[in-house]
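Note sheet for the following structure.
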2 protein chains.
Amino acid sequence: MTTLTDVTDGATAKGEQTRELILSTALRMFREQGYGKTTMRAIAGEAGVSVGNAYYYFGSKEHLMQAYYDLLVAQHREAVEPILQAEKSFTARMTGVLLAWLEVAAPYHEFAGTFFKTAADPNSPLSPFSEQSAPAREAGIEIFRQVAEGSDLKLPADLRAELPELLWLLEMAVVLFWVHDKSPDLRRTTSLVNRAVPLVDRLLRLTRLPVVRGIATDIVGLIKAVKP
Amino acid sequence: MTTLTDVTDGATAKGEQTRELILSTALRMFREQGYGKTTMRAIAGEAGVSVGNAYYYFGSKEHLMQAYYDLLVAQHREAVEPILQAEKSFTARMTGVLLAWLEVAAPYHEFAGTFFKTAADPNSPLSPFSEQSAPAREAGIEIFRQVAEGSDLKLPADLRAELPELLWLLEMAVVLFWVHDKSPDLRRTTSLVNRAVPLVDRLLRLTRLPVVRGIATDIVGLIKAVKP
DNA sequence: GTCTATAACACGATAGAC
DNA sequence: GTCTATCGTGTTATAGAC
């Protein structure tokens, strides 16, 4: 029986190097000329390998994008740690996490649209809602679980249980907005985050009112019922 | 000086016919084999025209998709009319409009993913948020203006002004959900609509409470501030 | 203005040899 | 693991016919 670690040592060390070379070359060219104008031939040529070799490591051009996304997620997770250590208020934690995402992703904004394009395709394994993305999605939701749990929020149990997923959805919405944002310095998106998060905070605290809490309970019920 | 109507009469009648032929052939083939497996050569062949002719009427394969979308919107507008005539309650009107969309779009569900794939690309003219889509978007929003105005809803003026656009956004969200829905008969999406709309209704009426109204005002302010 | 026929191009992707 | 050669596709170009 082979173990997962087998693939990372010995004979494949060189392979890993080639993989890295192709990936970093691709990302640099995506950044410099955009996704559409960067051809697989050009990536292979620039990296000094054959096209076939590039396809040996990355099943498609979109898989190179997916690799970039994984990188982004890792960087975000790192950037978020000090914020979660320092801040206590929900607004500060949530705003910090979202702004950290914008900062990490900023260099790739111009061609991020292409990634989002495949993300919207329900048949693509790259979709954030797909089964293949489940691990990455869970990791993303986990961040928002920490955002909520380490904060000063007091919520009814049913809402608290669903909140991380809801906050993750909110992040998806922010990303959607961000992808379409053409304003200088992405001011519209940062403004959206800075103003929307306090509103979410107020909305969540409103669940103390019985009328609002009734609706909140029903919304949670709806979400549960409609999840696949 | 030539007038706009010149292009629609006399000599172009045959052209219009050819255009229709190409479009209907393409849509049938998209439906039967999916978008990806339907080639431009095959469409032209099946329609009995040359490839060049297909490109004469449709600038690209995606333009054929756009034409399909326009068709869908027109069908939806038709399907919606009797509902808006008959129903008075907001919930019934809104639910009716959304379910009508699901019904009209159902035959295309399988390959709709491919369409929304390109629609999600912010650089694509097919994006519902793009400048080129502005007329279609306005027309869509207009439907929800009718939904709200002809209903029994009583809302503060600022919220009422933004509501049609918000309801249109809600429709976009439903479509996004629909595209990813793999359940038999699209039950999850219909269930979402049937349960979410009454909740929206209740939420909107809650704005009578001063606390809630305060937040609603701020949300409207945020939306206005963040619109391009 | 509408349409045909055919070739050619660039690109993503694949096959199969080494 | 890596290469070369090749395929299938969207799209464009050419050169013309009615």
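- For the pair B:I22 CD1 and C:dC3 P, the interatomic distance rounds to 7 Å; values are reported in whole Å.
- For the pair A:Y35 OH and C:dC11 C1', the computed distance is 12 Å after rounding to whole Å.
- Dashed line: the shortest gap from a side-chain N or O of B:T18 to OP1 or OP2 of C:dC3 is under 4.0 Å.
- Computed from coordinates, the B:K61 NZ to C:dC11 C1' distance equals 14 Å when rounded to whole Å.
- The interatomic distance linking A:R19 (CZ) with D:dT2 (C1') rounds to 17 Å, in whole Å.
- With sequence neighbours left out, the salt bridge (charged side-chain N to carboxylate O under 4.0 Å, His left out) criterion links B:K227 to B:E162, B:E165.
- Near DNA chain D, meaning a heavy atom under 4.0 Å away, the residues from residues 37-52 of chain B are B:T38, B:T39, B:M40, B:R41, B:V51.
- A search for side chain to side chain contact (heavy atoms under 4.5 Å, CB included) contacts involving B:S127 returns A:H180, B:F129, B:S130, not counting sequence neighbours.
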List, with names and distances, any nitrogen or oxygen atoms from the protein found under 3.5 Å away from nitrogen or oxygen atoms belonging to nucleotides 16-18 of chain C.
none

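- Under the 30°/60° scheme for interplanar angles, the aromatic rings of B:F30 and B:F111 are found to be tilted.
- Judged as a side chain to side chain donor-acceptor pair (under 3.5 Å), and not counting sequence neighbours, A:Y55 has no contacts.
- The backbone N or O of B:R188 lies less than 3.5 Å from a partner atom in the side chain of B:S183, making a donor-acceptor pair.
- Using bins of under 30°, 30° to 60° and over 60° for the plane-to-plane angle, the ring pair B:W178/B:H109 lands in the perpendicular bin.
- A straight line from CG of B:N53 to P of D:dT12 spans 15 Å, rounded to a whole angstrom.
- Applying the side chain to side chain contact (heavy atoms under 4.5 Å, CB included) rule to A:R137 yields the partners A:S133, A:A134, A:I141, A:W168; only residues at least two apart in sequence or on another chain are considered.
- Not one side-chain nitrogen or oxygen of A:Y56 sits closer than 4.0 Å to the OP1 or OP2 atom of D:dT2.
- With contacts defined as side-chain heavy-atom distances shorter than 4.5 Å, the pair B:V73/B:H76 does not qualify.
- At a threshold of 4.0 angstrom between heavy atoms, the contacts of B:Y55 include nucleobase atoms, whether or not backbone atoms are also involved.
- Judged by the 6.0 Å distance and 45° axis criteria, A:K61 is positioned over the aromatic ring of A:Y35.
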